[in-house]
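To keep things clear, I will list the structure first and then write my remarks on it.
Lettering follows sequence order; numbering is per chain, from 1. Computed from a prediction, not measured in an experiment: that's the story for all the values here.
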Amino acid sequence: MEKNSHSGVSRRKFLQKLGVAGIGATSPLFISSCSGESSRKKMKVLTLDNKLIEVDATELKIAKASNDKSYLQQEGREGIKGKKFVMVIDLSKCRNERKCMKACQSAHQLKPEQHHINVLEMEDEISGISYFMPKPCQHCNNPPCVSVCPVDATFKRQDGIVLIDNERCIGCRFCIAACPYSARSFNWTDPRDADKYKDVVYNVELNVPQKKGTVTKCAFSADRVREGKLPYCVSACPNGVYYFGDANEDLVTNGTTKETVRLSKLLFDNSAYVLMPELGTKPSVYYLPVRTNNS
Amino acid sequence: MPKFIYIIFGLMTCFWSAFAQEWKAPEEEKENVSIRLFDNEIETEGGVLFMNSCKSCHGSPTQEDFSLMLPSPGDLASAKVQNQTDGELFYKIRAGKGAMPKFGDALDQNEIWSLIAYVRSFNESYKQPEPNLEGVVIPNITLNLSFDDNVDKLVVKTLDENGNPMPDVTVKAFVKGHFGNYLLGKSRCNELGIAYFDIDSKMPGDEEGNMDIIVKASKGFGSAKVTQKMRVVDAVSFKSAIEGRHLWSVSKRAPYWLIVTFLSSLIGIWGTIIYVIVGLPKIKKQS
């Protein structure tokens, strides 16, 4: 519903920017043939209120469809009403296939050494068992990164997702220093395939195109979530590690099995925990501990 | 010693011949076809079942990541599987053999067909055979949903085209979620054509206590699906994640203590500076 309303706005904006949209003006060839200074040709065009009028062909300008994407910023800042997105990571299922990392890097225009999500190799000090721990941004409910940003480039939305707007980011890296989870990284060099993404309009929810000299971070795939699809990493996992969903619905869906379960039950039954709870950051990412034989 | 070798050799031959024996479906089942069209919905349904019931041995189709077993479960997108008829696949899923479980006990006919629809979605050249509908009775199922708030149960009534109760209908009820549907349960209607599903009263609905309930019913070749917004739980109010005043919020929504401390320090410092500057001429006058 949200999506439809935005697409409605965009269509209206598009038509407004187009001004008087010629019936035949959809063909660029036709416009170029009419845009000469010396042309005295009159053209019949259709106005927004469906009236057919005649204008001088020289006054016609090609509307840039790309301008129309300004709604991306607005909807990216606002978020989705009535939702509160959460992720649950089942550590006992992770086999270090790193498919989540690859899917994330290809979606967010990241180089292989840049991570929005990273799979770490862990070892439990007491039991001695080793396991793999995927670690995305924790999308804290009390985000220290947002507190320290001097230019409001990184922000939290009403649906709980913490995003970064690289058009505002000045590259001070205060947020990198403030994040206790090391979830952010800096674009020290030009991003991957910079030429290919040169003319792409910036989408704050996808954080693409990436920009040199700005900070980048996991976005909980806000663009996919808006469409009702699971995040890139969650759907790429072959081992059923990730659950993703809406805490307001108390439902989370497994990315591999597509099975939907109750969030509260899943967390309670598996003694879920969050990372560094003592810091009071209140993460939106929960971990289900590794199951050992003696536990 | 040679005797021992002979025994092992004999056993191996036995096993080998047992494994090598081709698994054939009975002729009468080979030509069975699905009466439902293999559309996106049935494929998705099959995909979910596949991930839960089949993937552990067969792996993901086209990925060739099946388990190492003897006989090999094989990749279901391979020609060996795809060259079989829908009826053969149906029989093998239903009846099972050896390590392949007998899924006929756990899944109903429609679920098995949805699995086949999912497996066929990996075969681009596959064309679904048209079913012969001659003499086939397709029951027309009508679903009537209501909620009994005394016992917190969803009541599904199944009726035939004449409005009479239809018994023995398999019914599944779901709550619609943002990313997937939560299964409330799977049940079979009683002789009065009624099936009950428990709904946890603590489950959150929307701000008016509504929930989108999806009910799917099937009997024989007939199936029906209903999506209905129902008032089944207490209304809840959702808090926005950025509601209230926080240190991390934008300056407009900064905590009052921060605004007061900041402004009073600012006024204090500038006030002192201005006081000193204003006082300077007075010092000069007195001297």
Side-chain angles (χ1 to χ4, degrees), chain A residues 77-85 97 139-149 152 154-162 178 224-226 228-231 234-235 238-240 243-265 281-282 284, chain B residues 43-56 59-63 65-66 118 174-184 199-208 210-212 214 233 235-255 258:
Chain A
R77 283 258 162 190
E78 283 172 1
I80 306 167
K81 200 176 170 229
K83 302 280 168 197
K84 171 73 186 72
F85 296 109
E97 292 229 26
H139 294 271
C140 307
N141 290 319
N142 184 16
C145 52
V146 179
S147 302
V148 299
C149 182
D152 193 26
T154 188
F155 56 95
K156 192 169 176 68
R157 318 197 303 180
Q158 57 178 329
D159 52 14
I161 299 181
V162 176
R224 295 257 297 184
V225 164
R226 182 175 289 283
K229 290 180 186 162
L230 291 165
V234 174
S235 354
N239 294 321
Y243 292 85
F244 193 86
D246 178 9
N248 286 346
E249 284 176 352
D250 197 26
L251 296 177
V252 282
T253 305
N254 189 294
T256 313
T257 62
K258 303 285 184 291
E259 192 184 7
T260 303
V261 294
R262 292 282 297 276
L263 171 71
S264 49
K265 191 172 184 300
T281 50
K282 299 178 191 156
S284 301
Chain B
E43 273 171 25
T44 322
E45 216 172 90
V48 175
L49 281 174
F50 184 90
M51 292 298 172
N52 290 307
S53 309
C54 320
K55 192 181 173 266
S56 53
S60 307
T62 70
Q63 302 291 310
D65 54 353
F66 46 84
Y118 175 74
F174 303 86
V175 172
K176 193 167 183 276
H178 191 67
F179 298 103
N181 301 329
Y182 172 65
L183 181 68
L184 286 172
I199 293 185
D200 182 0
S201 57
K202 284 180 195 150
M203 215 173 157
D206 65 5
E207 279 156 332
E208 284 149 9
N210 291 321
M211 261 183 189
D212 284 322
I214 302 171
V233 282
V236 276
S237 60
F238 299 122
K239 238 176 92 181
S240 157
I242 50 172
E243 207 174 273
R245 294 186 169 270
H246 306 282
L247 197 58
W248 48 264
S249 201
V250 284
S251 45
K252 264 195 299 199
R253 309 183 68 145
L258 187 74

Largest heavy-atom contact set with chain B, pairs under 4.5 Å, which of A:Asn141, A:Val252, A:Val261, A:Val225: A:Val225

Pair A:Ser284-A:Lys84, side chain to side chain donor-acceptor pair (under 3.5 Å): steps then yes or no: CA-CA 9 Å; A:Ser284 301; A:Lys84 171 73 186 72; 3.0 Å; yes

Toward chain B, the part of A:Leu251 with a non-hydrogen atom under 4.5 Å: side chain

Side-chain heavy-atom pair A:Phe155, B:Val250 within 4.5 angstrom cut-off: no

Option in B:Met51, B:Lys202, B:His178, B:His246 with maximal non-hydrogen atom pairs under 4.5 Å from chain A: B:His178

B:Pro61 vs B:Phe50 side-chain heavy atoms within contact, under 4.5 Å: yes

Side chain proximity check, B:Trp248 to A:Asn142, heavy atoms < 4.5 angstrom: yes

Which portion of A:Tyr243 sits near chain B, non-hydrogen atoms under 4.5 angstrom: neither

Engaged part of A:Thr253 at the chain B interface, taking heavy atoms whose separation is under 4.5 Å: side chain

Atom group of A:Lys156 that falls short of 4.5 Å from chain B, counting heavy atoms: both

Chain B contact via A:Lys229 - which portion, at a heavy-atom distance below 4.5 Å: backbone

Region of A:Asn254 in contact with chain B, defined by heavy-atom distances below 4.5 Å: neither

Heavy-atom pair count under 4.5 Å with chain B, highest-scoring of A:Leu230, A:Asp246, A:Ile161: A:Leu230

By side chain to side chain donor-acceptor pair (under 3.5 Å) - contacts of A:Arg262 (at least two apart): A:Asp250, B:Asp200

Options B:Ala254, B:Gly59, B:Gly177, B:Ser249, ranked by heavy-atom pairs under 4.5 Å with chain A, top entry: B:Gly177

Contact check, side chains of B:Glu45 and B:Asn181, non-hydrogen atoms, under 4.5 Å: no

Portion of B:Val48 that has a non-hydrogen atom of chain A nearer than 4.5 angstrom: both

Any side-chain heavy-atom pair of A:Asp159 and B:Phe238 under 4.5 Å: no

A:Cys140 side chain near A:Val162 side chain, heavy-atom distance below 4.5 Å: no

Per-residue contact mode, A:Val148 against chain B (heavy atom under 4.5 angstrom): neither

Chain B contacts, top residue of A:Asn248, A:Val146, A:Thr256 (heavy-atom pairs, under 4.5 Å): A:Asn248

B:Lys176 and B:Met211, any side-chain heavy atoms less than 4.5 Å apart: no

Non-hydrogen side-chain atoms of B:Tyr182 and B:Met203 separated by less than 4.5 Å: yes

Choice from A:Glu249, A:Lys258, A:Arg157 maximising heavy atom contacts with chain B below 4.5 Å: A:Glu249

Chain B contacts, top residue of A:Gly240, A:Cys145, A:Cys149, A:Gly245 (heavy-atom pairs, under 4.5 Å): A:Gly245

